Every structure is written in C-alpha cells, then in structure tokens.
Chemist: 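Before we start, here is the structure in question, set down as structure tokens.
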Protein chains: 2
Amino acid sequence: MNWTGGKRPTISQVAAQAGVARSTVSRAFSQPERLTRETVARVLEVAKQLGYTPNPVAQALSTGRSRNIALVVPDVANPFFPPLIRAAQRKAEEYDLCVFLGDSDEKPEREDQLLERFASQVDGVVLVSSRLSDTQIWAYAQRMPLVLINRDIDNMLRVLIDSAPGMEDAVTHLAELGHRHLAYVSGPATSWSNAQRRTAFRNAARRQGLEVSSISANRSTYESGRKSAERVVASGATACVAFDDLLAQGILAGLADLSVAVPEQISVVGCDDVLGSTTSPALTTISNHCVAAGEVAISLLVDNFGGSPAVDVRHVLKTHLVIRNSTAARK
Amino acid sequence: MNWTGGKRPTISQVAAQAGVARSTVSRAFSQPERLTRETVARVLEVAKQLGYTPNPVAQALSTGRSRNIALVVPDVANPFFPPLIRAAQRKAEEYDLCVFLGDSDEKPEREDQLLERFASQVDGVVLVSSRLSDTQIWAYAQRMPLVLINRDIDNMLRVLIDSAPGMEDAVTHLAELGHRHLAYVSGPATSWSNAQRRTAFRNAARRQGLEVSSISANRSTYESGRKSAERVVASGATACVAFDDLLAQGILAGLADLSVAVPEQISVVGCDDVLGSTTSPALTTISNHCVAAGEVAISLLVDNFGGSPAVDVRHVLKTHLVIRNSTAARK
DNA sequence: GTGAAAGCGCTAACAC
DNA sequence: GTGTTAGCGCTTTCAC
C-alpha cells in the first residue's frame with residue numbers, strides 16, 4: 001500500500017452521502033450563507049464523518065488561485081533574513097496562505113530559476129534583496145503580483161528600509177564622540193541596501209565635515225568582516241560603520257586579533273540590529289525593523305491580489321541608532 | 001487588466017499551432033522518447049515560441065503528485081535551523097522540488113495546523129524537532145511520506161543527530177581539565193534532542209565519576225541563557241554544558257555580567273556549532289552536521305515517494321567536540 | 001508513433 | 001436555495 005492510492009474522499013462522495021449536488025457541498029464550504037442552515041449542517045456533518053477536506057490543488061486549478069505565495073531571499077543563513085522570514089510566514093498564515101521559500105545563494109541565475117518554478121503555482125511573490133536586474137524583475141511583475149523588499153524600482157510594490165535616518169544618527173553620534181575620520185565597510189556590490197547605506201553614510205559625513213574611507217568586503221559574512229579589520233586600521237579611521245551586523249561582528253573579531261581595543265581605539269557601528277547584544281562588546285547598530293518589513297510586504301501583496309501590475313507603492317520604514325558598547329569617544 | 005486573466009498559453013494552443021493532439025504535446029515534454037524526433041522538435045519549437053510551459057497545478061491534479069514538499073521547524077530564527085533549511089532547500093532543488101516552509105513557533109497546535117494545511121498539496125514533509133505527540137506524527141505519516149529530524153519514533157523515517165559521542169568527548173575533555181562538578185543547562189522540555197543530550201551528559205559524567213547539576217532554561221534563547229548564568233554559578237559547578245549554542249552564548253554574557261571569567265573561573269561548552277567562533281571567548285562546542293541532516297532528510301524523503309508507510313529507517317549522524325577558547329583547566 | 005476521450009476534484013455560470 | 005453542466009490544463013488508457 002502506498003500514499004498515491006486515492007484514499008481521500010472527494011466532493012462527490014460527500015454529495016452522494018449527503019444526498020445533495022456537488023455544487024452544494026462546494027458552497028457549504030465556500031459560501032454557506034447561500035444555503036439553508038440545515039443543508040450546511042448536514043453537509044458538514046457528512047464531510048466530517050467521511051474526513052473530507054477540499055483538495056487545494058483542484059481548487060487552485062478551478063479558480064486560478066492557489067492560496068500559495070513565494071518568498072525568495074539571497075541567503076537564509078544570513079541573520080538578517082530569518083526574523084523577516086518568520087514574520088512574513090506568520091503574517092501569511094493570517095491570510096491563510098502557504099509560503100514557498102527560495103534561497104538564491106546571492107546568484108541571479110538561481111533566483112531566476114526559482115521564480116520560474118514558482119511563477120505558475122503561486123498567487124504572488126515577495127523578493128527580498130533581489131539580485132536580479134530591473135528588467136527581469138519587471139518581467140515577473142507582469143506575470144503576477146510581486147513585492148520587493150529593499151529594492152527600489154518605479155511602478156512596483158516595494159517596502160524599503162531607509163537607512164538614512166539611522167545612518168545620520170550614527171555619523172552624528174560618532175562626530176559627537178570626536179571622531180573626524182570614518183570608514184564605511186561595504187557589503188555585496190549588487191545590493192540596493194549597500195548602495196543606499198553607502199550614500200547615506202557619505203552624505204551624513206559630508207554634512208559633518210568628516211573625512212571618509214571606503215573599504216569593500218564583498219560578501220556579507222563574519223569571515224569577510226574579520227579580514228577587513230586590517231584595512232580598517234590601515235585606513236587611519238578611528239571609527240567605522242559596517243554594511244551589516246555580520247560584517248561588524250567579523251570586524252570586531254578581526255580587531256581583537258590585531259589587539260586593537262573596541263571601543264577604546266576604534267569604534268564600530270553595525271547595521272540591521274539582528275544580533276542584539278550578543279556580540280562583545282555589545283554592538284552599536286542601526287536598527288531596521290526587519291520584522292515589520294516582512295509583515296508589510298505580505299499585506300501589500302495580499303492587497304494587490306487581483307489588482308493590476310504597475311501600481312506604484314513605496315512603503316518606507318525608518319531606521320534609528322541603537323547605542324550599545326562598541327562606540328566611545330576618540331582617544 | 002489583472003493577473004488572473006488567463007494569459008498563459010495552454011497545451012491546447014500548442015497542440016493546435018503544431019497541428020498535433022494535446023496528448024502529443026504532453027508527451028513531447030514528459031516522454032519524448034516515444035515520439036519521433038521531428039514531432040518533438042516541432043512541438044517544442046512551437047511551445048517555445050508561444051512561451052508555453054506546463055502548468056504544475058494541472059499536472060498535480062492529473063497525476064496526484066505536486067513536486068512540492070514541506071519543511072516544518074519550531075523556530076526559523078534559531079541559528080540551528082537556517083543552515084539546515086538552506087541545505088534542505090538546495091537538495092530539494094536537485095530533485096526539482098519546491099519547498100514550503102512552516103514555522104511552528106514551538107507550538108504543537110500551530111505545527112498541527114501547518115501540517116493540515118500542507119498535507120493535501122505536497123508529496124511529502126520533513127519535520128524538524130517536532131513538538132507533536134508520537135500519535136499525531138504517526139497519523140500524518142499514514143497520509144504521506146514523512147521524515148523526522150531529531151525525533152525518534154519506531155517505524156518511521158528519521159535522521160537523528162546523536163549527541164552522545166560529542167557529549168562523551170566534551171565531558172572527557174572537561175574531566176581531563178580537572179573539573180569534578182559539571183552542570184547541564186537544558187533546553188525545551190518537549191525536545192527530543194534535549195532529552196537525548198541530557199541523558200548522554202549524565203551517562204558520560206557518571207562514567208567519569210563526576211558530580212552533576214541540572215539547570216533548566218526552558219526556551220532556547222540568548223536571554224534565557226543569560227538568566228541561567230547565575231544558577232550555574234550557584235550550583236557550584238566549575239564547568240557547564242548547554243543544550244545549544246544560543247543558550248551557551250547567553251550564559252557567556254550572563255557570566256560576564258557577573259564578572260565571572262570564562263574560561264578561567266568557569267568553562268562553558270555549547271552544542272550545535274552554528275555560531276562558529278563569533279562568540280567571545282570562542283565557544284567550545286559539540287558539532288552536529290545540521291547541513292548533512294537537511295540533505296539526508298530530503299534524500300530519504302524522495303527515496304520513499306511512492307513507497308509504503310511504516311518503513312523503519314534510522315539515519316544517525318555522529319557528533320564530535322570542537323575545542324575553542326571557552327574551556328580551560330580548573331583553577 | 002499518434003490521436004480520441006475519459007477523467008483528476010473542484011468551481012461557477014446558468015437554470016429552475 | 002439547490003441542481004446541471006461546463007470547464008480549469010493536464011495525463012493516461014485504449015485504439016488505430
């Protein structure tokens with residue numbers, strides 16, 4: 001005996017057993033208000049007793065809506081994503097939606113593959129920090145509702161985490177502590193967030209009249225940050241802001257390896273606030289509401305089911321600085 | 001204009017355009033060997049030109065197989081899971097399977113809900129650290145292929161991370177460092193892994209003739225660990241083994257708060273090895289191959305598609321100790 | 001090797 | 001209010 005053997009009762013069985021038409025059974029589940037109380041009760045009773053449950057695949061084929069959505073991220077293991085995924089999943093559940101998860105491993109081709117595979121079986125998709133080109137994304141958006149997190153393309157649904165306010169706070173904070181030379185350690189080159197953060201950093205530093213250095217770490221990993229520590233020191237900056245917490249954490253470790261004290265000799269600021277105070281010293285970081293981003297994205301998506309493509313929504317989430325122990329006055 | 005408007009070409013359109021029957025188009029995709037080279041070529045050509053792609057929902061309804069699976073975890077944000085999820089997702093892709101992700105938030109009811117929702121639209125499911133009762137799990141296993149990770153139930157497909165070898169190493173390591181009194185800080189009460197680890201800990205300690213204390217932290221979180229630090233100190237133990245790395249990390253922080261030096265005054269051992277050396281001091285921990293667990297689970301699942309329920313497979317992954325800087329000789 | 005036709009399980013007009 | 005009847009897009013016998 002195997003599972004493929006059709007054991008599950010179908011709508012017809014329930015109909016027969018309850019002495020009604022299949023459509024009536026269907027209605028008993030989807031629009032009970034159009035039926036007599038008694039009919040509904042009887043049908044539901046029989047359904048229950050038979051262990052009947054509507055088959056979502058059949059429903060999907062018939063209605064064209066699957067009640068499934070997809071969530072695609074560049075790297076599940078990057079600590080920024082799990083809270084977002086979790087929040088999105090939870091929110092989706094509120095709308096009775098199941099969510100497919102895709103991990104693109106930061107590769108555009110894989111992201112494309114995943115989307116192609118999902119496209120024909122979901123009601124919509126949310127792309128987090130997509131690595132695809134504007135054109136590719138736009139093409140998918142023509143085929144189905146699509147919302148972007150941390151990617152800013154006109155005439156699309158997007159929720160953006162605006163690093164500017166938090167970055168402004170961070171730079172000001174550092175300036176007030178007496179730092180005159182700051183370094184920015186950048187993350188993935190293709191990341192919208194990275195570009196956004198770097199720009200915000202530069203602007204803020206300029207306004208404060210500070211000298212800036214730019215260091216690129218490419219991948220956003222602990223190791224990559226660790227390796228950047230040396231260049232941070234070499235830059236001559238007395239404080240640095242990293243693209244994200246993971247990188248900052250690595251820098252912390254790298255500096256420790258070099259026997260450079262944080263925050264006494266160099267101050268370090270992260271971005272995302274996903275590590276809490278688990279680093280040592282506890283990281284001063286730019287908080288970014290990744291949970292809210294996940295939730296808003298789902299709501300946005302649902303609100304646009306059955307809508308039309310090319311609606312322009314730009315939901316911006318502000319950021320702010322969380323001061324912990326990795327920043328201090330310049331010595 | 002909205003997306004629900006059927007824009008995608010169907011098999012019929014391709015058939016008409018190519019001048020063949022729908023069944024032929026179907027075969028061109030699924031069993032081209034039964035068709036003439038020319039026919040296949042022509043059909044595929046037309047399909048391509050029309051942008052036709054088989055509709056997975058229709059295929060699922062017709063064949064009874066959806067090529068989708070589900071992965072359910074207690075908490076996406078717990079660092080143990082992301083690497084596993086990632087590995088599973090990747091492996092699933094190799095088999096051309098899409099994966100639904102469910103987060104039960106450690107709650108049996110939610111896990112049950114998720115499974116109920118997934119059950120009728122997937123070819124199988126893998127449950128990671130399930131919080132469901134044996135009976136419930138068994139019932140689901142009757143309805144579809146189901147593999148368990150870190151849960152040991154007879155006559156089911158399971159992949160288990162056996163903490164015993166690593167735990168043995170850890171306790172021996174601690175004993176060799178001169179520690180005579182060890183504490184175990186336990187995690188979720190309903191967790192199979194926790195029970196397994198605690199038992200392994202006790203057995204190893206007994207063999208070494210060591211005194212043991214047991215401290216329960218309930219939830220496996222950084223904060224929970226932090227709060228347990230005090231009790232670790234109070235227990236009089238000079239070394240402790242935590243249920244997992246997250247808890248250990250919290251204990252590290254809590255100990256620091258209490259000005260208890262690690263490893264000088266107290267040694268701390270974690271479990272999972274998912275934090276790398278990102279803690280301070282770098283955590284000595286029991287490594288557990290969560291990536292392999294994810295991969296094996298998917299393979300096991302796929303191997304059992306179309307098989308029968310009640311097959312007994314017990315794939316055990318060994319563990320070993322990774323020594324870093326959070327353990328040292330007793331002073 | 002290819003076609004015709006009967007479903008897969010459900011929904012959605014359209015009748016009555 | 002409830003039943004009838006077409007499909008939704010594909011697969012799969014069974015013929016030829």
Side-chain angles (χ1 to χ4, degrees), chain A residues 3-44 46-47 50-68 119-123 143 306, chain B residues 3-44 46-47 50-68 119-123 143 306:
Chain A
W3 298 274
T4 48
K7 296 208 303 266
R8 291 185 32 154
T10 76
I11 205 171
S12 301
Q13 326 228 28
V14 179
Q17 178 82 27
V20 297
R22 301 192 340 261
S23 49
T24 300
V25 177
S26 175
R27 290 184 188 112
F29 282 87
S30 49
Q31 15 194 354
E33 65 279 5
R34 297 184 44 178
L35 263 39
T36 334
R37 285 204 177 301
E38 295 77 50
T39 314
V40 175
R42 182 154 38 96
V43 170
L44 259 34
V46 173
L50 258 46
Y52 168 79
T53 257
N55 177 332
V57 176
Q59 292 187 128
L61 182 59
S62 185
T63 62
R65 284 169 306 102
S66 64
R67 304 208 63 75
N68 291 150
S120 31
Q121 57 178 329
V122 298
D123 294 340
R143 299 168 51 180
Chain B
W3 299 274
T4 49
K7 294 208 305 265
R8 292 184 32 155
T10 75
I11 204 172
S12 301
Q13 326 229 31
V14 179
Q17 178 83 26
V20 297
R22 307 199 325 267
S23 49
T24 301
V25 176
S26 175
R27 289 185 189 111
F29 282 87
S30 50
Q31 16 193 354
E33 64 280 7
R34 296 183 45 179
L35 263 38
T36 332
R37 285 205 177 299
E38 296 77 51
T39 314
V40 176
R42 183 156 36 97
V43 171
L44 259 33
V46 173
L50 258 46
Y52 168 81
T53 255
N55 177 332
V57 176
Q59 291 187 127
L61 181 59
S62 186
T63 63
R65 284 169 304 100
S66 65
R67 305 209 63 75
N68 292 150
S120 31
Q121 57 178 329
V122 299
D123 294 341
R143 299 169 52 181

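Quick note on labels: first sequence line is chain A, next is B, and so on, each numbered from 1. Here the structure is a predicted model, which means the values were calculated and not measured.
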Chemist: Between B:Gln121 and A:Asn68, does a side chain to side chain contact (heavy atoms under 4.5 Å, CB included) hold up when you go through it step by step?
Modeler: CA-CA 10 Å; B:Gln121 57 178 329; A:Asn68 291 150; 2.9 Å; yes
Chemist: Pick base, sugar-phosphate or nothing for B:Thr39, based on heavy-atom distances below 4.0 Å to the nucleic acid.
Modeler: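 Result for B:Thr39 = sugar-phosphate.
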Chemist: Roughly how many Å is it from CG in A:Leu61 to P in C:dT11, rounded to a whole number?
Modeler: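 Between P of C:dT11 and CG of A:Leu61: 11 Å.
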Chemist: Just compare D:dC8, C:dG1, D:dA6 and give me whichever is closest to any side-chain atom of B:Thr36.
Modeler: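 Ranking D:dC8, C:dG1, D:dA6 by closest atom to the B:Thr36 side chain puts C:dG1 first.
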Chemist: Going by side chain to side chain donor-acceptor pair (under 3.5 Å), name the pairs with one or both residues in residues 35-44 of chain A, residues two or more places apart or in two chains.
Modeler: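 Every pair satisfying side chain to side chain donor-acceptor pair (under 3.5 Å) with a residue in residues 35-44 of chain A: A:Thr36-A:Thr39.
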Chemist: Ignoring hydrogens and angles, state whether a donor on the side chain of B:Ser66 or B:Asp123 is under 3.5 Å from an acceptor on the partner side chain.
Modeler: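 Short answer, yes.
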Chemist: Can you find a donor-acceptor N/O pair under 3.5 angstrom joining the side chain of A:Ser62 to the base of D:dG7?
Modeler: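 Answer yes: a donor N or O sits under 3.5 Å from an acceptor.
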Chemist: With a 3.5 Å cut-off and just heavy-atom distances, do the side chain of B:Arg27 and the base of D:dT13 make a donor-acceptor pair?
Modeler: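 Such a pair exists between side chain and base.
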Chemist: Specify the separation, in whole Å, of atom CD of B:Glu38 and atom C1' of C:dT2.
Modeler: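 In whole Å, C:dT2 C1' and B:Glu38 CD are 14 Å from each other.
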Chemist: Would you be so kind as to tabulate the donor-acceptor pairs closer than 3.5 Å made by side chains of residues 9-25 of chain A, with sequence neighbours excluded?
Modeler:
from    : atom 1 : to      : atom 2 : distance (Å)
A:Thr10 : OG1    : A:Ser12 : N      : 3.1

Chemist: With a non-hydrogen cut-off below 4.0 angstrom, is B:Val20 in contact with a base, only sugar-phosphate, or nothing?
Modeler: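 It contacts sugar-phosphate atoms only.
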Chemist: Tell me whether the OP1 or OP2 atom of D:dC10 has a side-chain N or O from B:Gln59 closer than 4.0 Å.
Modeler: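 Result: no.
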Chemist: Rounded to whole angstrom units, what separation is found between the CD atom of B:Gln121 and the C1' atom of C:dG9?
Modeler: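 Taking atom C1' of C:dG9 as the reference, CD of B:Gln121 is at 14 Å.
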Chemist: For the pair made of CZ in A:Arg34 and P in D:dT2, what is the distance, rounded to whole Å?
Modeler: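 My rounded result for the distance is 11 Å.
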Chemist: Quick one: is C:dT11 close enough that its OP1 or OP2 comes under 4.0 Å of any side-chain N or O from A:Ser26?
Modeler: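 So the side-chain polar atoms of A:Ser26 do come within 4.0 Å of the phosphate oxygens OP1 or OP2 of C:dT11, strictly under.
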Chemist: Taking CG from A:Leu35 and P from C:dA12, how many angstroms apart are they, rounded to a whole number?
Modeler: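 Interatomic distance, CG of A:Leu35 to P of C:dA12: 14 Å.
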Chemist: Rounded to the Å, how far apart are B:Gln13 CD and D:dG9 P?
Modeler: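 Going from B:Gln13 (CD) to D:dG9 (P), I get 8 Å.
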Chemist: State which of C:dT2, C:dG9, C:dA6 makes the closest approach to the side chain of A:Thr10.
Modeler: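 So the nucleotide nearest the side chain must be C:dG9.
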Chemist: Indicate, yes or no, whether a donor-acceptor pair under 3.5 Å links the base of D:dT4 to the side chain of A:Ser23.
Modeler: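 Side chain to base: pair found, below 3.5 Å.
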Chemist: What does A:Tyr52 touch in the nucleic acid at a heavy-atom separation under 4.0 angstrom: a base, only the sugar-phosphate, or nothing?
Modeler: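 Contact class for A:Tyr52: sugar-phosphate only.
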Chemist: Which is more 5' along DNA chain D, the nucleotide nearest A:Arg42 or the one nearest B:Arg22? Just name the residue.
Modeler: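 Upstream on the strand: A:Arg42.
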Chemist: Quick one, B:Leu44 and B:Phe29 - any side-chain contact, counting heavy atoms below 4.5 Å?
Modeler: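 They are in contact (side-chain heavy atoms under 4.5 Å apart), so the answer is yes.
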Chemist: Compare the minimum distances between each of C:dA12, C:dC10, D:dC10 and the side chain of A:Thr63, then state the nucleotide with the smallest one.
Modeler: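 Nearest to the side-chain atoms of A:Thr63, counting from C-beta on, is C:dA12.
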Chemist: Can you tell me the distance, in whole Å, between the CZ atom of A:Arg8 and the P atom of C:dG9?
Modeler: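 Rounded to whole Å, this separation is 9 Å.
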Chemist: Rounding to an integer number of Å, can you tell me how far A:Phe29 CZ sits from C:dG9 P?
Modeler: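 So the CZ-P distance, A:Phe29 to C:dG9, works out to 15 Å.
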Chemist: Drop me the distance from B:Ser62's OG to A:Leu61's CG, to the nearest 0.5 angstrom.
Modeler: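 Interatomic distance, B:Ser62 OG to A:Leu61 CG, rounded to 0.5 Å: 9.5 Å.
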Chemist: Does B:Ala21 or B:Ala58 map to a spot on DNA chain C nearer the 5' end, using the closest nucleotide for each?
Modeler: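 The 5'-side residue here is B:Ala21.
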Chemist: Nearest of D:dT2, D:dT11, C:dG9 to any side-chain atom of B:Ile11?
Modeler: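 Given the options D:dT2, D:dT11, C:dG9, the side chain of B:Ile11 is closest to D:dT11.
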